[in-house]
Amino acid sequence: MVDGLLQVQGGRPLRGEITVRGAKNLVPKAMVAALLGRTPSVLRNVPLIRDVDVVSGLLSLHGVSIDYDQTEGILSLDSSSVESAHMADIDAHAGSSRIPILLCGPLLHRLGEAFIPDLGGCRIGDRPINYHLSILRSFGAVVDKQAMGIRLTAPHGLHGTVIDLPYPSVGATEQTLLTAVRAEGLTELRGAAIEPEIMDLVDVLQKMGAIISVDTDRTIHIEGVDELVGYTHTALPDRIEAASWASAALATHGDVFVRGAHQSDMTTFLNVYRKVGGAFDVRDDGIRFWHPGGDLKSLVVETNVHPGFMTDWQQPLVVALTQADGLSIVHETVYENRFGFTSALRKMGATIQVYRECLGGSACRFGQRNFYHSAVISGPSPLRGADIEVPDLRGGFSHLIAALAAEGTSRVEGINLIDRGYEHFMSKLAALDADVTRLA
């Protein structure tokens, strides 16, 4: 049984104002970066989400002193007394989080060794840690697979290297950055991810004393330094959460002001939002999103790495597309198994078919691998309440949007998964006049 049960009385527009704080895809990585500094670090705009709790616990196990002002969103981290942690403690605290793999580079620099347990994460595609281990080996780490997990050592230190990624992986790029900044010599990373969260991590590391340059061809050069100091940094806002609430406003015929949303990080999303018929108004302190009336328009959209349409944007948008007039096509090119959430939408009355072929765009790396990675959505389809179970973080929030848009009562099970990436989502729903009751 999955924890967390929510009863939703749908069919009413979301109206009001909510605030988004720092990005889930940046804050935990910036916290890990604090391990590299010999002086304390201060991270601002930190959301109260499960991933922050997990990383705080992991850092505490390694001797990092942490103080978190949840009201102000200010996190203070002092890594002056880093120490080894027991594998069992790391395993117990990490749970299904994949964050521990990113601690390896910093810990190898600080302690000469690191331990990681078996890793989990959202079940949306193949996320092997092989890339990470290969990267760490290329720096000179020795990987020893043991019964409870993996032990890494650096008997001869870590040295700069050349890494050529076959795909612009965010996790592999983060791993390289966190390891290369204190590795001896030069590191060249080709085919790097350049998402806004990656650039914000580069800003954090540069504040700490790192020397990093990013070329226009996705090549990142890192010149290793002997030591790093702490940082003071304000995390960029969460563009995924902002887009999720924008899609919720569209699907429910609502009007939501997302305080903290940044236009520059959401340009591609905003273009698609306007094409489908949504309205928005960019202000200095956020963006207002609303359904202007009339019919929504069907469209073709393909996910891609930045600056393309973000994969984490497509699931909430698909819910809104069930209310668009005509056939919409969504081609997923980042994660091969991201359409599992659509089965619940079909149960609620949506007309969605998934295909193995690359539809609506260019051929991608999943086209010949038998994955259902394209979806055709026919609309508008009235949604009706149903009992559904959250499959993963983004799919779960999409289910919640569908329940809010549907006529009748829905029971959404497994909403604790949503806590991983959406701060105070229950109080935000209340602020938007949603009729929701947490039953468990």
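Here, residue 1 is the first one in the sequence, and each next residue gets the next number.
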Fill in the blank from the handout: For residues 255-278, the ring pair (Phe, Tyr, Trp, His ring centres under 6.0 Å) pairs (sequence neighbours left out) are Phe269-Tyr273, Phe269-Trp313, Tyr273-Phe289
Considering only distance and modelled atom types, tabulate donor-acceptor pairs under 3.5 Å from the side chains of residues 316-327, sequence neighbours left out.
residue, atom, partner, partner atom, Å
Thr322, OG1, Val319, O, 2.5
Gln323, NE2, Ser381, O, 2.8

Problem - Ile116 to Pro100 - nearest heavy-atom pair and separation - result: CG2-O, 3.4 Å
Handout entry: Interatomic distance, Ile329 atom CD1 to Gln353 atom CD [nearest 0.5 angstrom]
Key = 11.0 Å
Practice task
Kindly indicate, with the supporting measurements, whether the criterion side chain to side chain contact (heavy atoms under 4.5 Å, CB included) is fulfilled by Ser410 and Met348.
Solution key: CA-CA 9 Å; Ser410 297; Met348 300 176 78; 3.8 Å; yes
Handout entry: Where Ala141 and Leu108 come nearest, the two heavy atoms and their spacing
Key = CB-CD1, 3.9 Å
Atom pairs and distances, donor-acceptor, side-chain atoms in residues 24-35, under 3.5 Å, two or more places apart:
residue, atom, partner, partner atom, Å
Lys24, NZ, Asp51, OD2, 3.4
Lys29, NZ, Asn25, O, 3.4
Lys29, NZ, Glu174, OE1, 3.2
Lys29, NZ, Glu174, OE2, 2.8

Practice task
Tell me, with the steps shown, if Ser244 and Tyr422 meet side-chain hydrogen bond (donor to acceptor under 3.5 Å, both in side chains).
Solution key: CA-CA 10 Å; Ser244 297; Tyr422 293 88; 2.8 Å; yes
Practice task
Taking the side chain as every heavy atom from C-beta outward, state whether Glu113 and Leu107 have any atom pair closer than 4.5 Å.
Solution key: no
Exercise for the section: Would you check if Asp392 and Gln315 make a side-chain contact, meaning some heavy-atom pair closer than 4.5 Å? Expected result: yes
Exercise for the section: List in chain and number order the residues that pass side-chain hydrogen bond (donor to acceptor under 3.5 Å, both in side chains) with Arg21, two or more places apart in sequence or in another chain; answer none if no residue qualifies. Expected result: Glu423
Fill in the blank from the handout: In this structure, CD of Gln70 is separated from CG of Leu48 (nearest 0.5 Å) by 4.5 Å
Practice task
Answer whether the closest heavy-atom distance between the side chains of Ile415 and Val412 falls below 4.5 Å.
Solution key: yes
Exercise for the section: Show the numbers, then the answer: is there a side chain to side chain contact (heavy atoms under 4.5 Å, CB included) between His373 and Cys358? Expected result: CA-CA 7 Å; His373 69 292; Cys358 300; 3.3 Å; yes
Exercise for the section: Write down the atom of Glu197, the atom of Ala23, and the distance for their closest heavy-atom approach. Expected result: CG-CB, 4.1 Å
Exercise for the section: Kindly write out the residues that satisfy side-chain hydrogen bond (donor to acceptor under 3.5 Å, both in side chains) with Thr333, not counting sequence neighbours, or none if the list is empty. Expected result: none
Practice task
Give the minimum heavy-atom separation between Val20 and Ala261, together with the two atoms involved.
Solution key: CG2-N, 3.9 Å
Handout entry: Residues forming a salt bridge (charged side-chain N to carboxylate O under 4.0 Å, His left out) with Arg438, sequence neighbours excluded
Key = Asp419
Exercise for the section: Report the C-alpha distance between Arg283 and Asp281 in whole Å, list the side-chain angles of each, state the deciding distance to 0.1 Å, and finish with yes or no for salt bridge (charged side-chain N to carboxylate O under 4.0 Å, His left out). Expected result: CA-CA 6 Å; Arg283 305 176 185 176; Asp281 177 31; 3.2 Å; yes
Exercise for the section: Output the distance between atom CZ (Arg218) and atom CD1 (Ile194), rounded to the nearest 0.5 Å. Expected result: 4.0 Å
Problem - Gln175 side chain to Ile101 backbone, donor-acceptor under 3.5 Å - result: yes
Exercise for the section: Would you please name every residue forming a side chain to side chain contact (heavy atoms under 4.5 Å, CB included) with His253, sequence neighbours left out? Expected result: His291
Practice task
Please list, chain by chain and in numerical order, all residues satisfying side-chain hydrogen bond (donor to acceptor under 3.5 Å, both in side chains) with Thr409, sequence neighbours excluded.
Solution key: Gln9
Practice task
Step by step, work out the side-chain hydrogen bond (donor to acceptor under 3.5 Å, both in side chains) result for Asn45 and His233.
Solution key: CA-CA 9 Å; Asn45 204 29; His233 187 76; over 6 Å; no
Completion exercise
For Arg288, the side-chain hydrogen bond (donor to acceptor under 3.5 Å, both in side chains) test, sequence neighbours excluded, returns Asp255
Fill in the blank from the handout: CD1 of Ile418 to NE2 of His399, rounded to nearest 0.5 Å, is 9.5 Å
Problem - Side chain to side chain, Leu58 and Val54, heavy atoms closer than 4.5 Å - result: yes
Practice task
State, yes or no, whether a side-chain contact exists between Tyr372 and Asn337 at a heavy-atom distance under 4.5 Å.
Solution key: no
Exercise for the section: Walk me through it: do Leu296 and Leu250 pass the test side chain to side chain contact (heavy atoms under 4.5 Å, CB included)? Expected result: CA-CA 9 Å; Leu296 298 181; Leu250 197 59; 3.7 Å; yes
Practice task
Using the test side chain to side chain contact (heavy atoms under 4.5 Å, CB included), find all partners of Asp387 that sit at least two apart in sequence or belong to another chain.
Solution key: Lys347, Arg411
Problem - Contact summary for Ser60 and Ile66, nearest pair of heavy atoms - result: OG-CD1, 3.8 Å
Exercise for the section: To the nearest 0.5 Å, tell me how far Leu201 CG sits from Leu205 CG. Expected result: 4.5 Å
Practice task
Please report the C-alpha distance between Asp312 and Arg338 in whole Å, then the side-chain angles of each, then the deciding distance to 0.1 Å, and finally whether the salt bridge (charged side-chain N to carboxylate O under 4.0 Å, His left out) criterion is met.
Solution key: CA-CA 9 Å; Asp312 290 308; Arg338 201 141 211 184; 2.6 Å; yes
Practice task
State, to 0.1 Å, how close His331 and Ser374 come at their nearest heavy-atom pair, and which atoms those are.
Solution key: CD2-OG, 3.4 Å
Handout entry: Derivation and outcome, side chain to side chain contact (heavy atoms under 4.5 Å, CB included), residues Ile212 and Ile220
Key = CA-CA 7 Å; Ile212 304 171; Ile220 298 179; 3.6 Å; yes
Completion exercise
Output for pair (Ile74 CD1, Asp69 CG), nearest 0.5 Å, gives 5.5 Å
Problem - Short side-chain donor-acceptor distance under 3.5 Å, Asp144 and Gln146 - result: yes
Practice task
List for me each residue that meets side chain to side chain contact (heavy atoms under 4.5 Å, CB included) alongside Val282, sequence neighbours excluded, and say none if there are none.
Solution key: Gln263, Phe280, Ile287
Exercise for the section: Determine whether Leu59 and Ser56 make a side-chain contact, defined as any pair of heavy atoms from C-beta on separated by less than 4.5 Å. Expected result: no
Handout entry: Polar side-chain atom of Asp215 near backbone of Asp217 as donor-acceptor pair, under 3.5 Å
Key = no
Problem - Heavy-atom check, side chain of Pro196 versus side chain of Leu236, under 4.5 Å - result: yes
Practice task
Kindly state each residue pair satisfying salt bridge (charged side-chain N to carboxylate O under 4.0 Å, His left out) with at least one member in residues 427-436, sequence neighbours excluded.
Solution key: Arg12-Asp433, Arg12-Asp435, Glu241-Lys428
Handout entry: Arg365 charged N/C atom sitting above Tyr167 aromatic ring, 6.0 Å / 45°
Key = yes
Practice task
Evaluate the side-chain proximity of Val256 to Arg15: yes if any heavy-atom separation is below 4.5 Å, no if none is.
Solution key: no
Exercise for the section: Would you please test Trp245 and Phe397 for ring-ring contact (aromatic ring centres under 6.0 Å, His included) and show each step? Expected result: CA-CA 9 Å; Trp245 290 112; Phe397 198 85; 5.0 Å; yes
